[in-house]
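Residue numbers begin at 1 in each chain, while the letters A, B, ... track the order of the sequences. Keep in mind the model is a prediction, meaning the values are calculated, not measured.
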Amino acid sequence: MAKEITARDVDYSQWYNDLVLKGGLADYSSVRGCMVIKPYGYGLWENMRDALDKAFKETGHVNAYFPLFIPKSFLSKEAAHVEGFAKECAVVTHYRLMNDPNGGGVIVDPSAKLEEELIVRPTSETIIWNSYKNWIQSYRDLPLLINQWANVVRWEMRTRLFLRTAEFLWQEGHTAHATAEEAIIETEKMLHVYAKFAEEFMAMPVIKGKKSANERFAGALDTYCIEAMMQDGQALQAGTSHFLGQNFAKAFDVQFLTKEGKQEYVWATSWGVSTRLIGALIMAHSDDDGLVMPPKLAPLQVVIVPIFKGAEQLNMIFDKLKPLMDALKAKGISVKFDDDDQKRPGFKFAEYEMIGVPVRLAIGARDLENGTVEVARRDTKEKSSQQLEGIENYIEQLLVDIQQSMYNKALAFRDANIRKADTWEQFLKMIEEPGFIYAHWDGTGETEEKIKELTKATIRCIPLDNPQEDGVCIFSGKPSKERVIFARAY
RNA sequence: CGGGGUGUAGCGCAGCCCGGUUAGCGCACCUGGUUUGGGACCAGGGGGUCCCAGGUUCGAAUCCUGGUACCCCGACCA
């Protein structure tokens with residue numbers, strides 16, 4: 001009643017916006033294309049960040065921080081790179097304001113023009129490789145495995161909360177290696193880290209693959225990606241890992257002395273995931289009643305709603321449940337006791353469903369008498385009455401079950417929406433249905449472009465470990481040895 | 001940058017065609033009371049440069065001109 005959510009099948013975009021705004025994740029800001037990440041949404045990001053950061057550290061990476069501003073000349077050192085980003089860069093041209101002599105507040109001081117303009121980083125390859133040049137002399141300095149958590153700015157024409165905003169938060173790993181083989185291994189390793197995170201923490205199945213040349217990162221030799229299917233059947237790129245070859249090493253003249261005493265250019269990778277993952281999480285799991293958070297990332301895992309008349313009953317319930325709350329916290333499970341006496345239980349139920357808290361406990365006078373508690377799980381909305389005694393173990397297991405069940409559901413949905421097309425006619429028909437299509441492709445950018453023009457579908461990836469089979473391209477009829485994934489994408 | 005839409009209280013909207021009391025409704029908010037096992041009720045109360053600027057008029061939320069912001073759909077991208 002207080003907060004209505006547009007149903008998915010009425011208006012999917014509006015449903016998504018409703019969840020972000022009414023679920024308390026983010027808000028529009030006064031700055032075009034930029035959003036405010038609210039505490040609940042930021043808590044989710046913190047949980048994602050912590051899990052990823054741990055995985056990066058476990059694979060030998062360390063964190064550092066590089067400047068927000070990049071000298072304009074740096075960006076142009078790698079031709080493909082500047083080509084890819086030039087159209088969406090914010091540029092700093094001045095460093096001082098002054099009072100408007102005509103009385104209109106402050107204006108840019110025309111005398112404070114920067115000698116060299118600064119670009120607000122859309123990504124940090126150039127500023128980082130400029131440093132790496134000074135840090136790398138010999139093979140003993142390699143590999144160099146650095147990550148940074150940062151904000152970046154890409155001046156997008158059209159933005160959507162979390163999915164595409166002008167400013168967003170992300171991490172970017174930048175590594176340097178002595179050999180191409182080693183760099184490729186690193187690229188693939190980080191892709192697997194992302195895939196594992198998506199599946200184990202986000203409960204979101206992903207397909208690992210390589211991008212076609214058209215979809216490749218600006219400046220990369222190879223871009224690997226994880227692709228997820230959203231509930232409307234569209235694809236969403238959830239993370240990318242790039243093999244950069246020696247492009248940046250050459251652009252910034254980063255050479256090292258080998259064991260044998262030869263000067264060689266180093267080999268590079270970069271990889272990143274962003275707050276876009278929050279958008280993916282929402283669209284992978286949520287329903288018409290609100291957000292559905294996977295327990296491993298939920299900012300709040302368990303909420304307790306007491307049902308009481310008067311302060312005396314409230315206190316009795318609180319005293320009864322205090323040991324449970326302590327037991328849950330001892331297990332590392334976050335729990336909140338909602339003692340707000342201004343809102344009725346029914347309102348709270350709806351509210352916590354809206355924000356996707358995985359487990360809700362309700363307890364009233366009747367339960368106190370019986371030694372029971374009502375347990376409701378958000379993902380299936382099932383409710384059951386359980387003995388209060390030892391309930392912490394039940395809840396701990398329930399969170400595990402919910403996590404697994406959410407993954408299974410998303411996986412079943414995805415697999416039910418993947419089809420094979422063998423002819424152009426089939427493809428045209430299937431692309432109007434939600435989902436991914438496996439189809440043969442002749443490997444040319446021209447064909448890919450044509451298909452995109454005609455159907456809005458792009459090649460999401462060429463899956464890793466893709467089965468090899470002889471076939472003909474659905475569009476050109478030329479021979480092909482493997483199927484690739486086509487879909488409409490975010 | 002093209003197409004469409006919307007700017008009226010914190011949020012969602014009505015009023016605008018056809019100018020004329022004090023600009024209204026729902027939710028939220030504040031006070032008091034009764035309530036509390038799925039979005040409570042009663043009574044009282046506070047809150048508005050009607051997006052901005054110009055124009056027409058005795059009189060503009062309403063008509064005219066220009067601007068601006070945001071949302072949605074496309075082309076570009078994570």
Spacing of Trp155(A) atom CH2 relative to rA78(B) atom C1', expressed in whole Å: 17 Å
Proximity to RNA chain B (any heavy atom under 4.0 Å), residues of residues 272-283 of chain A only: Ser274(A), Arg276(A)
Interface with RNA chain B, restricted to residues 367-387 of chain A and to heavy atoms under 4.0 Å: Asp367(A), Glu374(A), Lys383(A)
Donor-acceptor pair between His174(A) and Glu172(A) side chains, under 3.5 angstrom: yes
Side chains of Thr159(A) and Thr165(A), donor plus acceptor under 3.5 Å: no
Ring geometry between Tyr12(A) and Trp15(A) (parallel below 30°, tilted from 30 to 60°, perpendicular above 60°): tilted
Phosphate OP1/OP2 of rA40(B): any Lys348(A) side-chain N/O under 4.0 Å: no
Any Arg344(A) side-chain nitrogen or oxygen under 4.0 Å from OP1 or OP2 of rG37(B): yes
Nucleotide pairing, RNA chain B (Watson-Crick or G-U, distances under 3.5 Å), in dot-bracket with [ ] and |: ((((((((.[[[[.)....(...]]]].((((((.....)))))).....[[[[[..)....]]]]])))))))....
By the 4.0 Å heavy-atom rule, please label [X] as base, sugar-phosphate, or nothing.
{"X": "Thr223(A)", "value": "nothing"}
{"X": "Glu156(A)", "value": "base"}
{"X": "Leu236(A)", "value": "nothing"}
{"X": "Tyr28(A)", "value": "sugar-phosphate"}

Test side chain to side chain donor-acceptor pair (under 3.5 Å) applied to Gln237(A) and Glu215(A), Arg276(A), Lys211(A), the passing residue: Lys211(A)
Atom CD of Glu449(A) with >12 non-hydrogen neighbours under 6.0 angstrom: yes
